[in-house]
Trainee: 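Mind looking over this structure? Questions follow.
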There are 2 protein chains.
Amino acid sequence: MPINLHLLRLFAAVAEYQSFSRAAGALYISQPAVSKAVRELERQTGATLLDRSRSPLALTEAGEILYRHAQQIFRTEHAAEIALAHLRDLEQGRLAIGASTTIGAYLLPPILGAFHRRYPKIQLFLDIGHTRDIIERLQSSPLDIALVEGPVEADGLEVTPWREDELVVIAASDSPLGRAHAPSLKRILAAPFVHRESGSGTRQIIDEALRAKGITLPVTLEAADTETVKHLVSAGLGLGMVSAAAIAQELELGRLIVLDAPELRVRRWLSRVQAPIRPVSSALQAFLALLDAEV
Amino acid sequence: MPINLHLLRLFAAVAEYQSFSRAAGALYISQPAVSKAVRELERQTGATLLDRSRSPLALTEAGEILYRHAQQIFRTEHAAEIALAHLRDLEQGRLAIGASTTIGAYLLPPILGAFHRRYPKIQLFLDIGHTRDIIERLQSSPLDIALVEGPVEADGLEVTPWREDELVVIAASDSPLGRAHAPSLKRILAAPFVHRESGSGTRQIIDEALRAKGITLPVTLEAADTETVKHLVSAGLGLGMVSAAAIAQELELGRLIVLDAPELRVRRWLSRVQAPIRPVSSALQAFLALLDAEV
DNA sequence: GATTGGCATAATGACATGTTATCACATCAT
DNA sequence: ATGATGTGATAACATGTCATTATGCCAATC
């Protein structure tokens, strides 16, 4: 039979204030309620807890022992309250985000930076990988949310469009095509092309979108990641097609040039993916607000 | 607003069994009761504690935190139960006994020995002093019980006769009176006498009892304690009058002799003194039983 | 010896906590 | 598919815990 912790709370107050009536006052209840509670606790524990013959009230040995444990219990209870409040006030907590490579590398860092400045106590986990893997980890639950490229066929997942992203054709600024003002589609398609590997989401999107338009890009080279594609392109090995978000720095430095080819324009939606029924932590809530706020 | 620890208990069971219905079974209550309790706890804490979308049931971050604290709380509760049971079963506890010098030195040791052999986990305190001081310490509460000589005028204390004690006249066995078969009262009263100091209870008893009979003993020497009286007497400095309980060893060794003088026979009651309303611990209860049992 | 403060007791009332009945929804074997 | 099974949610209702007010007793104090 467990100890009735409600009665214990009242008894602890009596022990602390060394008086039934003062304890009652502190608890905002009547004195008889406290009297009865302590008496009932004594009945249940089978031990006399208070020496009512002395004034101020004294604890018996059993009362002493029980009181010490009660203090420990209510200290822990208080700690729990504090911890929950911290969680609510975002002064404690974790947030695990999954992202596909391009988003993780180019779009998320500033957002995570802003989040961290605002909620420095929240522990952030960023998991970058292929959409397939990210989705899998979202379903098996270590991830709170995922931001991925392209279409998601998910069982019970909620997919929301987040931002639109454009894939642009890039050339080294010191290459012939880079120096051309507005090269024709024909000239562009005649040039060598550097691509991401076949498995990647970006590559899939590009292939599908262009196939729909009846265009096939030449494949000269495949690279494992966007960063390599950019380096190869700026080294003059050919043209490339990457997310507009990925080349801000190179454009600024004048290393790369965007070739404006309306026929090759590929736009895609970046998606926010969540498990729909799963409870939403305060940290996730705050992160969602930030995602919607940022333009 | 403190956490409702009753609801917390049900929640902790759910967390442990990762199932509402199994938790309900373990608690011997119905499943809806558990459902409602957890829901109410979530309402009160303002946090979602369980992720009901996964199976088996998963804890949210808040639930995780609350569960850890709950475990700590209920561990402490269990420790309290154990401690109280120990107290009840006399496997833990203290017992503080006050005694006047003669009782403490000669009568109590065998009793305390028996008590300790029977209840080795109980911590014993023996406080030996003048009746006056012992009574004072009983009232101001560090002592659970006192065993004293002679009459006690106590305010609200309960005085119960314990054992009868006889004060006997002793002589060194190699002294002239010691060798005499049955010396006359006159011869005894003519001899030098070694007494306890005037403040002691024993001395008071002797003086009063003999004064009632119209007898006054000569005072040759005063000593601070019974042990010294015995040594002085066996060294031949005169006769003495001490508790029969105090000389068992010397009689056995043949050092001292009891002079049988009917006129000088002084009997007194040794008393058990307790604070009447004060709660009685298990240890004290056991000690009282032992006091009554020993003959 | 009346007053005051503190705890106990009794009669009664409100709310917390339990119950049964039932539904909704998955999973799973047939 | 389909019906059996397991699990949780919800609703209506019963119960018992925990509170209240009213009052009495006792000790301390002026």
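We name chains A, B, ... by the order of the sequence lines, and we start the count at 1 in each one. Here the structure is a predicted model, which is why all the values come from computation and not from measurement.
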Trainee: Y119(B): what forms a ring pair (Phe, Tyr, Trp, His ring centres under 6.0 Å) with it, not counting sequence neighbours?
Mentor: F115(B)

Trainee: Check salt bridge (Lys or Arg N to Asp or Glu O under 4.0 Å) between R9(A) and all other residues, then give those that pass, not counting sequence neighbours.
Mentor: E77(A)

Trainee: Starting at CG of L49(A) and ending at P of dA8(C), how long is that distance when rounded to a whole Å?
Mentor: 12 Å

Trainee: Tell me: OH of Y17(A) to C1' of dG5(C), nearest whole Å?
Mentor: 19 Å

Trainee: How many whole angstroms separate atom CZ of R52(A) from atom P of dC7(C)?
Mentor: 10 Å

Trainee: Please list all pairs meeting side-chain hydrogen bond (donor to acceptor under 3.5 Å, both in side chains) that have one or both residues in residues 25-38 of chain A, counting only residues at least two apart or in different chains.
Mentor: Q31(A)-S35(A)

Trainee: Please identify each residue that fulfils salt bridge (Lys or Arg N to Asp or Glu O under 4.0 Å) with D207(A), with sequence neighbours left out.
Mentor: R203(A)

Trainee: Could you tell me whether R272(B) atom CZ has more than 12 heavy atoms of other residues or ligands within 6.0 Å of it?
Mentor: yes

Trainee: Under 4.0 Å between any heavy atoms, over every strand shown, what does R39(B) touch: base, sugar-phosphate, or nothing? Just pick one.
Mentor: sugar-phosphate

Trainee: What residues form a salt bridge (Lys or Arg N to Asp or Glu O under 4.0 Å) with R52(A), not counting sequence neighbours?
Mentor: E42(A)

Trainee: Please list, in 5' to 3' order, the outermost nucleotides of DNA chain D lying under 4.0 Å from any heavy atom of chain A.
Mentor: dC18(D) to dA22(D)

Trainee: Among residues two or more places apart or on two chains, list those pairs meeting salt bridge (Lys or Arg N to Asp or Glu O under 4.0 Å) that have a residue in residues 79-91 of chain A.
Mentor: none

Trainee: Just by protein heavy atoms under 4.0 Å, how would nucleotides 11-21 of chain C read 5' to 3' in B, S and -?
Mentor: ------BBBBB

Trainee: Give the angle between the helix axes at the two ends of the helix from dG1(C)-dC30(D) to dT30(C)-dA1(D), taking five base pairs at each end and rounding to 10°.
Mentor: 20°

Trainee: Using salt bridge (Lys or Arg N to Asp or Glu O under 4.0 Å) as the criterion, list what pairs up with D127(A), not counting sequence neighbours.
Mentor: R137(A)

Trainee: When the distance from CZ of F20(A) to P of dT9(C) is rounded to whole Å, what number comes out?
Mentor: 10 Å

Trainee: Quick one: list whatever passes side chain to side chain contact (heavy atoms under 4.5 Å, CB included) with A62(B), sequence neighbours left out.
Mentor: L84(A), L87(A), A47(B), L49(B), T60(B)

Trainee: Apply side-chain hydrogen bond (donor to acceptor under 3.5 Å, both in side chains) to T102(A) and list each qualifying residue two or more places apart in sequence or on a separate chain.
Mentor: E149(A)

Trainee: Evaluate whether atom CZ of R132(A) has more than 12 neighbouring non-hydrogen atoms of other residues, nucleotides or ligands under 6.0 angstrom away.
Mentor: no

